[in-house]
Amino acid sequence: MSEKKESEANEYGAAPRSDLSLRGVQVFQGWLDGDEQSALVAALREVIRAAPLFSPMTPYGRPMRVRMTSAGRYGWYSDRKGYRYERSHPSGVAWPPIPPQVLRIWAGVTGLARMPDCCLVNFYDAKARMGMHQDRDETDYSYPVVSVSLGDDALFRVGNTTRGGKTESLWLKSGDVLVMGGEARLIYHGIDRVRPGSSTLLPNGGRINLTLRVVD
Ligand code: MD3
Ligand code: FE
């Protein structure tokens, strides 16, 4: 961690070391136990009740297959005008607050006092995927991005900080947490597919991914 970030350390102290790293992406396998995952799903149901999932339009005019919503001061949004953060849900309501359990995960894996501004909630059905892209709609790339996987397994692919080149893949399981900091912050990444029926966490199946970001 940089000196700036160490001076911002939270009460958990230094960030823990993950047992696995893939091109600079730290992988905390099984960070959440089953009870924590269930409690998180219950909290996310409240988020989705206040701010229902929707399918954003890409700037290219096609709806995304992954359904999304957000919690926090900002929510991620996309339409013909491009990718950006918005202060409210498309319905006009403010995004609900980020659940405290989610903030606890951020604090635990990053060791930072600064909390994220946005918790993007992505829902994948059996056919959803996410093409290779960079996360670069934020102001300060010195803050990491944290991802939390819930429900069905997903095949995660990481590339390089420029488009193309060799890639590596890893199956993400329910309860796994990833931290993308430093060089990995601007790495290309995507989800190739989910494995339907691989988890019983969500009664109707599917996968939820939470992505936590400092926006401004
Ligand atoms: C690597 N989500 O919302 S999570 C996204 O599973 C996104 O829904 C995927 O990519 C998902 O932007 C992948 C893993 C992830 C998230 C953010 C990253 C990997 C990342 C940011 C930088 C580098
Ligand atoms: Fe991403």
Side-chain angles (χ1 to χ4, degrees), residues 1-2 5 15-31 55-68 70 76-78 82-85 105-106 109-110 112 116-196 198-199 206-215:
M1 236 193 293
S2 70
K5 300 312 182 205
R17 285 285 286 273
S18 68
D19 28 315
L20 182 68
S21 168
L22 191 67
R23 300 197 172 184
V25 173
Q26 291 179 270
V27 184
F28 296 89
Q29 290 177 314
W31 181 261
S55 299
M57 268 301 164
T58 64
Y60 318 102
R62 279 207 297 160
M64 291 188 171
R65 181 62 194 241
V66 175
R67 291 192 297 147
M68 304 178 177
S70 292
W76 190 82
Y77 190 71
S78 170
Y83 304 131
R84 61 190 180 276
Y85 285 94
I105 297 169
W106 168 276
V109 295
T110 68
L112 296 175
D117 301 314
C118 175
C119 171
L120 175 64
V121 180
N122 290 152
F123 179 79
Y124 293 75
D125 65 18
K127 289 186 176 147
R129 51 183 292 283
M130 188 177 283
M132 296 291 278
H133 66 278
Q134 287 175 301
D135 288 19
R136 52 175 188 201
D137 303 321
E138 301 77 29
T139 303
D140 186 349
Y141 301 137
S142 70
Y143 284 105
V145 175
V146 171
S147 144
V148 181
S149 291
L150 295 167
D152 285 339
D153 300 352
L155 188 57
F156 172 64
R157 188 206 290 254
V158 278
N160 306 285
T161 51
T162 53
R163 192 171 273 290
K166 287 188 178 166
T167 65
E168 286 179 75
S169 297
L170 176 75
W171 281 97
L172 297 178
K173 291 189 154 322
S174 195
D176 290 354
V177 173
L178 306 184
V179 179
M180 284 64 64
E183 291 284 280
R185 176 64 181 76
L186 288 170
I187 212 163
Y188 276 84
H189 58 280
I191 295 291
D192 286 343
R193 59 197 162 94
V194 302
R195 193 148 54 192
S198 49
S199 163
R207 171 175 187 261
I208 293 172
N209 181 264
L210 307 180
T211 311
L212 307 174
R213 303 188 185 89
V214 171
V215 174

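The first residue of the sequence shown is numbered 1, and numbering continues consecutively from there. None of these values were measured; they are calculated from a predicted model.
- Taken from CZ in Arg195 to CG in Leu172, the straight-line distance is 11.0 Å, to the nearest 0.5 Å.
- Pro59 and Ser78 get closest at one heavy-atom pair: CD-OG, 3.7 Å.
- Here the straight-line distance linking atom CE of Met180 with atom CD1 of Ile187 works out to 10.0 Å at 0.5 Å rounding.
- Side chains of Met130 and Asn209 form no contact here, defined as non-hydrogen atoms less than 4.5 Å apart.
- The line from CE of Met132 to CD1 of Ile191 is 10.0 Å long, rounded to the nearest 0.5 Å.
- In this structure, Trp76 and Thr211 have side chains that are not in contact, with every pair of non-hydrogen atoms separated by 4.5 Å or more.
- Heavy-atom neighbours of Glu168 CD from other residues, nucleotides or ligands within 6.0 Å: above the threshold of 12.
- In summary, Asp153 and Lys173 engage in a salt bridge, as defined by a charged side-chain N under 4.0 Å from a carboxylate O.
- Across all their heavy atoms, Ala126 and Pro196 have their closest contact at CB-CG, 3.7 Å.
- Although no hydrogens or angles enter the test, the distance criterion places a donor-acceptor pair under 3.5 Å between the side chain of Asp176 and the main chain of Gly30.
- With contacts defined as side-chain heavy-atom distances shorter than 4.5 Å, the pair Arg213/Pro116 does not qualify.
- Between the side chain of Arg62 and the backbone N or O of Tyr60 there is no donor-acceptor pair closer than 3.5 Å.
- Under the 4.5 Å side-chain criterion, counting only non-hydrogen atoms from C-beta, Val214 is not in contact with Asp140.
- At least one side-chain heavy atom of His133 sits under 4.5 Å from a side-chain heavy atom of His189.
- Rounded to the nearest 0.5 angstrom, Asp192 CG and Trp171 CH2 are separated by 8.5 Å.
- Residue-environment remark: CZ (Arg193) stays at or below the threshold of 12 foreign heavy atoms within 6.0 Å.
- Not a single donor-acceptor pair under 3.5 Å links the side chain of Ser55 to the backbone N or O of Arg67.
- In terms of heavy-atom proximity, Val146 sits nearest to Trp106 at CG2-CE3, 3.6 Å.
- Inter-residue side-chain proximity for Arg136 and Tyr83 is flagged as unmet; no heavy-atom pair is nearer than 4.5 Å.
- Using modelled atom types, one finds a donor on one side chain and an acceptor on the other under 3.5 Å when comparing Asn160 with Arg23.
- Shown here for Thr161 and Tyr188, the closest heavy-atom pair between the two residues is O-CE1, 3.9 Å.
- For the pair Asp152 (side chain) and Val194 (backbone), a donor-acceptor distance under 3.5 Å is absent.
- Checked by atom type and distance alone, the side chain of Thr167 never pairs as donor or acceptor with a backbone atom of Gly159 at under 3.5 Å.
- With Tyr124 as the aromatic partner, Arg207 meets the cation-pi criteria of under 6.0 angstrom to the ring centre and within 45 degrees of the ring axis.
- Put simply, the side chain of Leu170 reaches to within 4.5 Å of the side chain of Leu20, judged on heavy atoms.
- In this structure, Gln134 contributes its side chain and Leu186 its backbone to a donor-acceptor pair below 3.5 Å.
- Scanning both residues, Gln29 and Asp19, for their nearest heavy atoms gives OE1-OD2, 4.1 Å.
- Salt bridge status for Arg65 with Asp125: present, with a side-chain N to carboxylate O gap under 4.0 Å.
- Looking only at side-chain heavy atoms (C-beta outward), Pro144 and Val109 stay at 4.5 Å or farther from each other.
- For the side-chain contact (heavy atoms from CB on, under 4.5 Å) test with Leu210, the passing option among Ser149, Cys119, Ser70, Ser147 is Cys119; the others fail.
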